Student: 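One structure, as structure tokens, below. Some questions next.
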Amino acid sequence: QVQLVESGGGLVQAGASLRLSCAASGGIVSTYDMGWFRQAPGKERESVAAIRRYGGTTNYADSVKGRFTISRDNAKNTLYLQMNRLKPGDTGVYFCAAGRGIILSEMLSDRQYDYWGQGTQVTVSS
């Protein structure tokens, strides 16, 4: 059983940067593929970025490519999301997730992930 706790959210102005963290515990975290997802008010949850268990492969939603970077430190059991040049459209609750055996083409599919954190709020003002 993996437990995930996100942190680092906040209220920022457009153009600013934030770094989200996701502390993982339980199980062998390094064996899990991990991802970031977000949900804006009144909208469905959408993918943001994903990373393979050993960090060698990443995948991004088109809306964040070139602005966001996902990374992980398996020694610290922590997943990160560096968010630069934030836009009001990036506003939402950001969730980290963990899963095993996810095929490459499905890394951004939330149905592939078994464990979820409670989320951290990111608000970007214009």
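This structure is a prediction, so every number in the text was calculated from the model and none was measured.
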Student: Does the side chain of T31 come under 3.5 Å of the side chain of R100 through a donor N or O and an acceptor N or O?
Tutor: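 Their side chains do contain a donor-acceptor pair, which is all the 3.5 Å distance test asks for.
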Student: Could you give all pairs that pass the side chain to side chain donor-acceptor pair (under 3.5 Å) test and reach residues 87-98, with sequence neighbours left out?
Tutor: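 Matches after skipping sequence neighbours: R38-D90, R38-Y94, R67-D90.
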Student: Do the side chains of C96 and L4 get nearer than 4.5 Å, heavy atoms only?
Tutor: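 Yes, close enough: below the 4.5 Å cut-off.
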Student: Using atom types as modelled and distance alone, determine if a side-chain donor or acceptor of D73 lies under 3.5 Å from a backbone N or O of K76.
Tutor: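 Yes: the side chain of D73 pairs with the backbone of K76.
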Student: At what distance, to the nearest 0.5 angstrom, does CD1 of I70 lie from CG of N59?
Tutor: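 Spacing of CD1 (I70) from CG (N59) equals 9.5 Å.
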Student: Is the shortest side-chain heavy-atom distance between T69 and L81 below 4.5 Å?
Tutor: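 A side-chain contact is absent here, since even the closest heavy-atom pair is not under 4.5 Å.
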Student: Taking L79 as the starting point, is it possible to reach V2 by hopping between hydrophobic residues whose side chains are less than 4.5 Å apart?
Tutor: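 Yes: a chain of side-chain contacts under 4.5 Å links V2 to L79.
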Student: Keeping the roles fixed (side chain from Q82, backbone from F68), state whether a donor-acceptor pair exists under 3.5 Å.
Tutor: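 No; zero donor-acceptor contacts below 3.5 Å.
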Student: OH of Y60 to CG of L108: how many Å apart, nearest 0.5 Å?
Tutor: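 Y60 atom OH to L108 atom CG measures 10.5 Å (nearest 0.5 Å).
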Student: Say whether F95 and W36 are linked into one hydrophobic cluster, either directly or through other cluster members, by side-chain heavy-atom distances under 4.5 angstrom.
Tutor: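 No, F95 does not connect to W36 through the hydrophobic network.
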Student: Determine the minimum heavy-atom distance between G92 and Q121, stating which atoms define it.
Tutor: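 Smallest interatomic distance, heavy atoms only, reads O-NE2, 3.5 Å.
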Student: So, do Y115 and Y32 sit near enough that their side-chain heavy atoms are less than 4.5 Å apart?
Tutor: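 In short, these two side chains touch, coming nearer than 4.5 Å.
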Student: Restricting to non-hydrogen atoms, name the atom on G119 and the atom on V93 that form the minimum distance, rounded to 0.1 Å.
Tutor: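 Closest heavy-atom pair between G119 and V93: CA-CG1, 3.8 Å.
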Student: Would you compute the distance between atom CG of D33 and atom CD1 of I102 and round it to the nearest 0.5 angstrom?
Tutor: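 Going from CG on D33 over to CD1 on I102, the span is 4.5 Å.
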Student: Is any side-chain heavy atom of R52 closer than 4.5 Å to a side-chain heavy atom of T58?
Tutor: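 SC-SC contact between R52 and T58 ruled out.
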Student: In a table with atom names and distances, give each donor-acceptor pair under 3.5 Å that connects a side chain of residues 10-26 to protein atoms at least two apart or in another chain.
Tutor:
from : atom 1 : to  : atom 2 : distance (Å)
S17  : OG     : N84 : OD1    : 2.9
S25  : OG     : Q3  : OE1    : 3.3

Student: Which atoms form the tightest heavy-atom contact between M34 and R72, and what is the distance?
Tutor: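 In terms of heavy atoms, the two residues are closest at SD-NH2, 3.6 Å.
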Student: Within the 4.5 Å heavy-atom criterion, are I51 and T57 side-chain neighbours or not?
Tutor: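 They are not in side-chain contact.
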Student: Between F37 and Y113, is the gap from one ring center to the other below 6.0 Å?
Tutor: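 Distance test on ring centres: under 6.0 Å, yes.
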